[in-house]
Amino acid sequence: MDDKLMLMIPGPTPVPEQVLLAMAKHPIGHRSGDFSKVMAEVTENLKWLHQTTGDVMMLTVSGTGAVEAAIVNVLSPGDRVLVGANGKFGERWAEVSQAYGLAVETITAAWGQPLDPEQFRATLEADTEKTIKAVIITHSETSTGVLNDLETINRHVKAHGEALIIVDAVTSLGAINLPIDQWGLDVVASGSQKGYMIPPGLGFVSVSARAWDAYKTAKLPRFYLDLGKYRKDAAKNTTPFTPPVNLIVGLQVALRMMQAEGLESIFARHQRMMQATRSAIKALNLPLFAPDVAASPAITSVAPLAPLDSEQIRSLLRKRFDIAMAGGQDHLKGKIFRIGHLGFVCDRDILAAIAALEATLLELEYGGFIPGSGVAAAAKVLTQSR
Ligand SMILES: Cc1ncc(COP(=O)(O)O)c(C=O)c1O
């Protein structure tokens, strides 16, 4: 059946109908009074979502553009940066930093394992000359489904006293508690196609007072990504360049929906989705790629063993049920598949996805589970945590 695609990938994520309808109108002029009103509301509500009284800027970029904006606005050529790399995205921030001529040091962990905060503590403590200017951490590492212990790493950064912390919150913002002001996170970047429940096209960057101080002396080249321009214009409820007005109108509706649900409930819902999914995968006797202690509430990675083939599972899920799950990236291609449960996702989606996965496994003649056990395990978690 056509036109019944169910997205269970970690972005783009499903978009609520009321958001789609809001976006389906003619674009309004971005210098109009009507658009200024939308901007005023959205800017305020973004602060609520980001748990900050500081600035949250909207840029017409994807998540990568938002992180690049974070880097170029607070650093200068040759600055020493410490980058946490335990997956594709952490590695990308090391590459971006190198491209801009920063002195990059990585702290790594195997893909599928969390970063070790102790390694950050040791390196930061050893830096008595205070040469480390920034620490860049991917909170939810989407390529593996690992949630890094940002809170502890950030505590070590704060103890250092000089370094800023830059956070890739692309698959954590709006899904996982990230109290920007309370933790004192300096620059936090995210993207619209994830927890925000709208399509791709907008990047968000929050900036602390300390980071604005660094901005004043930062010398990396910037023009389109110059956050100062966005800050100045946001104060007048406008944007420096033509924004994707329809996306922002959609965001206005999505943020109202999030406010109605409440932050605590949103985070609890993502926890439940994760627990139900992981419980089902365990019941199906399929190996989980990320350990329980470092599992991302946004995404669950599964590493089926031979003769099962994750690409075959994904392609059958798509063919028979029109359910899209994500594959592995880079060296994990063909080795894992990833179930996104991020944004506009509810109990029904998890139950449907697990039931379809079971049917797929049966078609592939995988005899390692009792039919119905995955659905039963997910249903149990969902019922008990209601
Ligand atoms: C954690 C993380 N960081 C960065 C990105 C890059 O975002 P984009 O593809 O929107 O540039 C993604 C995309 O999935 C992501 O999950």
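Ion pair E311/R314 flagged as a salt bridge, since at least one NZ, NE, NH1 or NH2 atom sits closer than 4.0 Å to an Asp/Glu carboxylate oxygen. The existence of a salt bridge linking D322 and K4 is excluded, since no basic side-chain nitrogen approaches an acidic carboxylate oxygen closer than 4.0 Å. For E118 and R121, the salt-bridge test passes: some basic side-chain N is under 4.0 Å from an acidic carboxylate O.
Residue pairs that meet the salt bridge (Lys or Arg N to Asp or Glu O under 4.0 Å) test with at least one member in residues 144-170, sequence neighbours left out, are K158-D186.
Connection of W93 to V146 is not established within any shared hydrophobic cluster, with ILVMFWY side chains joined at heavy-atom distances below 4.5 Å, either directly or through further cluster members. Note on L284: it clusters hydrophobically with I323, by side-chain heavy-atom contacts below 4.5 Å among ILVMFWY residues. Grouping the Ile, Leu, Val, Met, Phe, Trp and Tyr side chains by contacts below 4.5 angstrom, directly or via other members, places F344 apart from I176. Placement of F204 and V42 within a single hydrophobic cluster is found when ILVMFWY residues are connected by side-chain heavy-atom separations under 4.5 Å, directly or transitively. Under the 4.5 Å side-chain heavy-atom criterion for Ile, Leu, Val, Met, Phe, Trp and Tyr, L164 and V83 are members of the same hydrophobic cluster.
Between I71 and the options V187, L102, V81, a side chain to side chain contact (heavy atoms under 4.5 Å, CB included) holds for only L102.
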### Message
Set out, in order, the CA-CA distance, both residues' side-chain angles and the distance that settles side-chain contact (heavy atoms from CB on, under 4.5 Å) for T138 and L115, then state yes or no.
### Response
CA-CA 10 Å; T138 302; L115 295 167; over 6 Å; no
#### Entry: side-chain contact (heavy atoms from CB on, under 4.5 Å) assessment of M8 paired with L357
CA-CA 12 Å; M8 294 298 288; L357 178 60; over 6 Å; no
### Task
Determine, stepwise, if the pair L263 / L49 fulfils side-chain contact (heavy atoms from CB on, under 4.5 Å).
CA-CA 7 Å; L263 276 185; L49 180 67; 3.9 Å; yes
### Query
Would D347 and R386 satisfy side-chain contact (heavy atoms from CB on, under 4.5 Å), going step by step from the backbone distance to the final call?
CA-CA 10 Å; D347 296 15; R386 207 165 268 143; 3.4 Å; yes
### Task
For N86 and T144, run side-chain hydrogen bond (donor to acceptor under 3.5 Å, both in side chains): C-alpha distance rounded to whole Å, both residues' side-chain angles, the deciding distance at 0.1 Å, then the answer.
CA-CA 8 Å; N86 58 333; T144 60; 5.6 Å; no
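In this structure, M6 and F321 have side chains that are not in contact, with every pair of non-hydrogen atoms separated by 4.5 Å or more. Between T60 and Y224 the shortest side-chain heavy-atom distance falls below 4.5 Å. In this structure the side chain of L332 never reaches within 4.5 angstrom of the side chain of S143, judged on heavy atoms. Contact check for L225 versus V205: no side-chain heavy atoms found under the 4.5 Å cut-off. Side-chain contact check for L251 versus L202: some heavy-atom pair is nearer than 4.5 Å. Taking 4.5 Å as the limit, every side-chain heavy atom of L288 sits out of range of all side-chain heavy atoms of S301. Side-chain contact between T360 and R320: absent, with no pair of heavy atoms (C-beta onward) separated by less than 4.5 Å. Within the 4.5 Å cutoff, no side-chain heavy atoms of P12 are placed close to those of P199.
In this model, no donor atom of one side chain and acceptor atom of the other lie less than 3.5 Å apart for W111 and Q329. Between the side chains of T300 and H341, at least one donor N or O lies within less than 3.5 Å of an accepting N or O. For the residue pair S140 / S296, a side-chain donor-acceptor distance below 3.5 Å is found, with atom types taken as modelled. Side-chain N/O atoms of T43 and N237 include no donor and acceptor closer than 3.5 Å. In the model, T239 has no side-chain atom that pairs as donor or acceptor with a side-chain atom of D233 under 3.5 Å.
Side-chain atoms of D226 do not come within 3.5 Å of backbone N or O of R222 as any donor-acceptor pair. The backbone N or O of V345 lies less than 3.5 Å from a partner atom in the side chain of R269, making a donor-acceptor pair. Formation of a donor-acceptor pair under 3.5 Å by the S373 side chain with backbone atoms of F369 is not found in this model. Checking side-chain atoms of E105 against main-chain N and O of R80 turns up no donor-acceptor pair under 3.5 Å. Distance alone, capped at 3.5 Å, places no donor-acceptor pair between the N148 side chain and the E141 backbone. Checked by atom type and distance alone, the side chain of T13 never pairs as donor or acceptor with a backbone atom of M197 at under 3.5 Å. K130 places a side-chain N or O within 3.5 Å of a backbone atom of H160 that can act as its donor or acceptor partner.
Of the inter-residue distances, the one linking Q51 atom CD with L173 atom CG reads 8.5 Å to the nearest 0.5 angstrom. For the atom pair CD1 of I180 and NZ of K47, the computed distance is 11.5 Å after rounding to the nearest 0.5 Å.
For the side chain to side chain contact (heavy atoms under 4.5 Å, CB included) test, residues two or more places apart in sequence or in another chain that qualify with Q275 are Q271, V381.
F241 and F223 have tilted rings, their planes meeting at an angle from 30° to 60° on a 0 to 90° scale. Ring planes of W183 and H139: perpendicular class, angle over 60° (limits at 30 and 60°).
Residue T106 comes nearest to A94 through the heavy atom pair CG2-CB, 3.9 Å, listed as atom of the first residue, atom of the second, then distance. Heavy atoms only, all atoms of each residue included: F35 and H30 are closest at CD2-O, 3.4 Å. When all heavy atoms of A175 and T171 are compared, the closest pair comes out as CB-O, 4.4 Å. Shown here for V74 and A218, the closest heavy-atom pair between the two residues is C-CB, 3.5 Å.
Shown here is L5, whose CG atom has more than 12 heavy atoms of other residues, nucleotides or ligands within 6.0 Å. Other residues, nucleotides and ligands contribute only 12 or fewer heavy atoms inside 6.0 Å of the NZ atom of K232. Heavy-atom contacts from other residues, nucleotides or ligands closer than 6.0 Å to CZ of R348 number 12 or fewer. A 6.0 Å sphere centred on NZ of K319 holds no more than 12 heavy atoms belonging to other residues, nucleotides or ligands.
R231 forms no cation-pi arrangement with Y215, by the criterion of a distance under 6.0 Å to the ring centre and an angle within 45° of the ring axis.
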